[in-house]
Structures are given as C-alpha cells and as structure tokens.
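In what follows, chains are A, B, ... by sequence order, proteins preceding strands, each numbered from 1. Note that these values count all heavy atoms, side chains included, but never hydrogens, waters or copies made by symmetry.
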2 protein chains.
Amino acid sequence: MVRHETVPSLAEVAPSLARRARRRTETVDEILRIAVDVMREEGAAALSLSEVARRIGVRPPSLYKYFPSRAAVYDALFRRGAEQVLDRFRTAAAAAEPGVEALAAGVEAFGRWGAENGALAQLLFWRPVPGFVPSAEAYGPAVDLVSDIEKQLASAVERGQLRAEAATDEGQAVLSVLIGGAFSQHAANEPDVAYDEGRFTRLVPVLLDIFVRTYAPEGDRP
Amino acid sequence: MVRHETVPSLAEVAPSLARRARRRTETVDEILRIAVDVMREEGAAALSLSEVARRIGVRPPSLYKYFPSRAAVYDALFRRGAEQVLDRFRTAAAAAEPGVEALAAGVEAFGRWGAENGALAQLLFWRPVPGFVPSAEAYGPAVDLVSDIEKQLASAVERGQLRAEAATDEGQAVLSVLIGGAFSQHAANEPDVAYDEGRFTRLVPVLLDIFVRTYAPEGDRP
DNA sequence: GTCTATAGCCTGATAGAC
DNA sequence: GTCTATCAGGCTATAGAC
C-alpha cells in the first residue's frame with residue numbers, strides 16, 4: 001500500500017529544497033565575507049573561526065556545518081579570490097582592442113583588484129598562512145588566469161606588437177615579476193593607500209610600458 | 001671603616017663581567033638562530049617561543065631573561081636580517097666598478113641573500129606576522145640600505161650610465177619592484193629551489209638589464 | 001542547523017623558589 | 001639565570017541534546 005498522502009509531491013518538495021540551498025549559499029557567503037574582514041583587520045594568518053562566529057552571532061561549532069575545517073575556509077577564500085581576479089582580468093581584456101591593449105587593460109584590472117582586496121590577494125600571491133596549501137581544485141581559476149595571460153601574450157606576438165620572446169617562459173615570468181612586485185611592495189609598505197594614490201600601484205602603467213618596450217619588435221624602439 | 005678585603009678589585013671583576021656578557025650574547029645568538037629555523041619550517045607567523053625553548057633544551061620562562069616578549073624576538077630578527085642584507089649589498093658593491101656595475105653586483109647579492117634566507121626575508125619584505133610592526137630602531141639598517149641604493153643610482157647617473165630619471169623616486173620604486181617582485185615570486189612559488197636554479201631568481205640579471213636599458217641615456221639604446 | 005558542553009590542545013607571560 | 005608551578009586565555013574540533 002502506497003501512503004501517497006504522506007509523500008510530498010515534487011512541486012511541494014522542490015521549492016523547499018531550492019530555498020534551503022539558497023539559504024545555505026547565503027550563509028556560506030556571509031561566512032566568507034566576514035572571514036575576509038577578519039583577515040584584513042588581523043592579518044591573513046590570524047583568521048579565527050571563533051572570531052568569525054562571534055561577528056556573525058552564532059557559536060563556533062555551527063560553522064562546521066558549512067566548512068569541515070579552518071583549512072577548508074582558506075581554500076574557499078583562495079578559490080573565490082582567484083575567480084574574482086580572473087573575472088576582472090577577462091572583463092577588462094575583452095573590452096579592449098586585442099593584443100597589447102587587452103593585455104594592459106587586463107593587467108591594470110588585475111593590479112587594481114589586488115590593491116583593493118589585499119587580504120585575499122596575499123593568500124594568492126604570498127604564503128602567509130603556516131601549513132595551508134591550496135587544493136588543486138582551488139587552484140583551478142588561478143591556472144586559467146595564467147593561461148589567459150599566455151594567450152594574450154601570444155596574441156600580441158601574432159599581431160607583431162611584441163617579439164616572439166615575450167610569449168616564452170621568460171616573458172611570462174618577467175611580466176609576473178612586474179605585477180607581483182608592484183602588488184607586494186604596495187601590500188607590504190602602504191596597504192591602506194588607494195590604488196590610484198599608491199607609490200607602487202601607480203607604477204603599473206609604467207611597468208607595462210617597460211615590458212612592451214623591452215619586448216618590442218626590432219626597429220620599433222625609439 | 002672600609003672593608004676593602006670584601007670588595008673585589010677591578011682586575012677581578014672585569015673579566016667576569018666580560019665573560020658574562022659574552023655568554024649572554026651567545027645565548028641570544030642561539031635563540032635567534034633557532035627562531036629562524038622554526039620560522040623556516042613552520043612559517044614566519046608560526047614562531048613560538050615554547051618551540052624555541054624546547055629545541056634549545058630550556059623551559060619557556062628562561063627565554064624571557066633575554067627577550068621581554070615574542071615581539072622583541074621578531075624585532076631582533078628583523079634588525080638582524082636588515083643588517084645582513086645591508087652588509088652583503090655593501091660588500092658586493094664595493095668589490096665592483098662604481099656605477100651600474102656596483103649597483104648590479106649589490107642587487108645580485110641582495111637577491112641571493114633573500115632567496116637563501118627566505119624566512120628572514122619574508123619578515124623584511126612582507127608583513128606575514130599579524131600585529132608585528134618593526135620598531136624604528138630595527139628599521140635602521142633597512143633605511144641605510146635604501147639610502148645606499150639611492151647613492152649608487154645617483155653615482156650611475158653622474159657617470160652618464162643612466163638618465164637622471166633613474167635616480168628619481170620613480171626609478172627607485174621601479175628598481176624595488178623588480179627586486180621585490182623576483183623575491184616574492186620565488187618565495188611564494190618555489191621557496192626550496194636554489195637561487196641559481198629558480199625560475200624567478202635567475203631573472204635577476206635580466207631584470208637589471210631591463211632597468212638599465214629603460215633608463216639608458218638618449219642615443220644609447222640599440 | 002542551532003545550541004551547550006567539553007575535550008584536548010596550544011600559547012604568552014608572570015611569580016617566586018633555588 | 002635556571003627552574004617549577006601556574007595563570008589566563010586562546011583555539012580547533014567533536015558529541016550529542018533539542
């Protein structure tokens with residue numbers, strides 16, 4: 001005998017599941033948002049789940065329904081940061097003329113995100129948290145970003161805007177030193193200064209110009 | 001009445017004081033040496049005085065006879081690191097032809113020290129320890145280093161090897177981005193790779209070359 | 001999914017005997 | 001200058017009631 005009157009219909013259960021899933025996502029979002037606040041105020045390595053719980057207004061054990069460990073929170077933060085910067089890079093690059101202009105626009109957006117999200121950026125560019133190593137899954141968007149930059153470099157070479165050398169491992173490493181260096185100096189020396197006012201962040205266009213001149217095709221130099 | 005037979009002579013007391021001072025210095029040195037080991041193994045932010053005491057073979061309270069707090073240990077480490085890198089820079093620069101060659105030699109030594117002393121270098125270049133800000137006194141040698149680099153830049157300009165722009169704030173900032181960027185990428189991505197094998201540290205001569213070309217006097221570019 | 005309660009760790013730092 | 005003893009607090013994580 002089927003007790004169909006006690007079994008909720010799909011129409012009844014589906015919205016409830018969706019609501020629950022949405023509510024859960026919102027809570028996860030809130031945890032991560034507060035975690036970023038704590039990291040910014042106390043330092044990336046000083047993230048404490050108890051402090052996050054305190055600010056949200058729940059007890060620490062409740063957070064374990066959403067994340068199995070403190071490392072899992074760091075992992076989600078890493079992934080989220082990498083997704084954000086990838087998104088910014090792609091949006092900016094897509095809005096510009098393909099080639100060096102797209103590259104410059106993407107790198108500029110990249111640097112701006114880093115300066116404005118120092119706590120998250122430290123997690124991506126430095127290794128400030130003893131014992132934490134991002135999972136391969138969290139690394140995904142970061143890998144995509146590197147691959148996007150490679151593509152933009154290759155595109156600039158194809159268009160004759162840069163020498164072939166720019167798209168080699170050396171060119172990529174030089175570019176990452178320039179971007180990572182500007183961010184690092186900014187984050188270490190003047191973390192609270194706005195991007196447009198920073199002594200180092202303001203150099204990003206200059207550094208890009210240096211990169212482009214260095215790898216300019218023969219005969220193109222002034 | 002002077003009880004001179006109970007008062008030790010200067011000849012008796014002075015060597016004892018000297019011995020005591022030397023012994024004290026040795027203990028301080030050992031504490032700092034072990035602290036660097038712990039930082040390298042556990043991360044710069046994970047330095048624990050208990051762990052240092054454990055490795056030395058004493059109880060934690062004993063360390064407080066040498067340092068008033070954990071922050072004081074970090075401060076001494078910062079100062080010591082800055083002194084070391086200043087010394088390396090000066091020695092290398094002094095052994096080379098004044099001007100861009102001395103600059104290149106100094107920067108090379110600088111980068112090599114950073115790669116070989118990652119834990120200490122992180123303390124100098126990043127802000128990995130929540131709540132720790134170096135004292136003005138610990139900053140001293142770091143300020144001297146910046147001033148030395150400025151002098152070398154000015155010297156290269158005087159000799160006509162670089163444009164005047166190289167010795168401005170922009171030139172200094174660009175140079176520090178290049179050095180700091182190479183170190184940061186190395187420390188974050190391949191901290192255990194030797195300087196000469198590192199993907200980023202190996203770029204230091206290339207980056208210096210880029211700097212020199214960028215600020216080469218008019219008409220000197222190829 | 002929230003809570004209470006708690007285990008089981010760790011830490012920095014101090015007081016005072018020897 | 002070393003030790004024992006201890007304070008006072010933090011933390012992550014788990015068990016189990018509701």
Nearest heavy atoms of [X] and [Y], plus distance in Å:
{"X": "V52(A)", "Y": "I31(A)", "value": "CG1-O, 4.1 Å"}
{"X": "F200(A)", "Y": "H186(A)", "value": "CD1-N, 4.1 Å"}
{"X": "A119(B)", "Y": "M39(B)", "value": "O-CE, 3.7 Å"}
{"X": "L203(A)", "Y": "A173(B)", "value": "CD1-CB, 3.5 Å"}

Worksheet item: Of all of residues 42-54 of chain A, which get a heavy atom below 4.0 angstrom from DNA chain C, listed by number?
Response: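 Heavy-atom contacts with DNA chain C come from no residue of residues 42-54 of chain A; none.
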
Discussion item. Any residue in residues 56-65 of chain B with a heavy atom nearer than 4.0 angstrom to DNA chain C? Just list them by number, or reply none.
Written reply: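 DNA chain C contact set from residues 56-65 of chain B: P61(B), Y64(B).
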
Item to complete: Describe the nucleic acid contact of F67(A) in one word from base, sugar-phosphate, nothing, applying a heavy-atom distance below 4.0 Å.
Response: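 Nothing: the residue F67(A), judged by heavy atoms under 4.0 Å, touches no strand.
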
Discussion item. Regarding R23(A), tell me which of base, sugar-phosphate or nothing describes its non-hydrogen contacts under 4.0 Å with the strands shown.
Written reply: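 Since no nucleic acid heavy atom lies under 4.0 Å of R23(A), the category is nothing.
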
Worksheet item: So, F110(A) versus F125(A), ring centres under 6.0 angstrom or not?
Response: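 Yes; F125(A) has its ring centre under 6.0 Å from that of F110(A).
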
Worksheet item: To the nearest angstrom, how far is Y66(B) atom OH from dC3(D) atom C1'?
Response: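 After rounding, the reported distance stands at 13 Å.
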
Discussion item. Rounding to an integer number of Å, can you tell me how far E30(B) CD sits from dG1(D) P?
Written reply: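 The answer, rounded to whole Å, is 14 Å.
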
Worksheet item: So does E83(B) pair up with R80(B), basic N to acidic O under 4.0 Å?
Response: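 Salt bridge absent between E83(B) and R80(B).
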
Worksheet entry | Toward the 5' end of DNA chain D, by each residue's nearest nucleotide, T27(B) or A71(A) |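 Looking at the nearest nucleotide for each, T27(B) comes out on the 5' side.
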
Discussion item. With a sphere of 6.0 Å drawn around CZ of R59(A), does it hold more than 12 non-hydrogen atoms of other residues, nucleotides or ligands?
Written reply: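 At most 12 heavy atoms, drawn from other residues, nucleotides or ligands, come within 6.0 Å of this atom.
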
Item to complete: Output yes when at least one side-chain N/O atom of Y74(A) is less than 4.0 Å from OP1 or OP2 of dT12(D), else no.
Response: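 Y74(A) to dT12(D) OP1/OP2: no side-chain N or O under 4.0 Å.
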
Worksheet item: Quick one: does Q185(A)'s side chain have a donor or acceptor within less than 3.5 Å of a partner on S176(B)'s backbone?
Response: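 Flag set: sc Q185(A) to bb S176(B) pair under 3.5 Å.
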
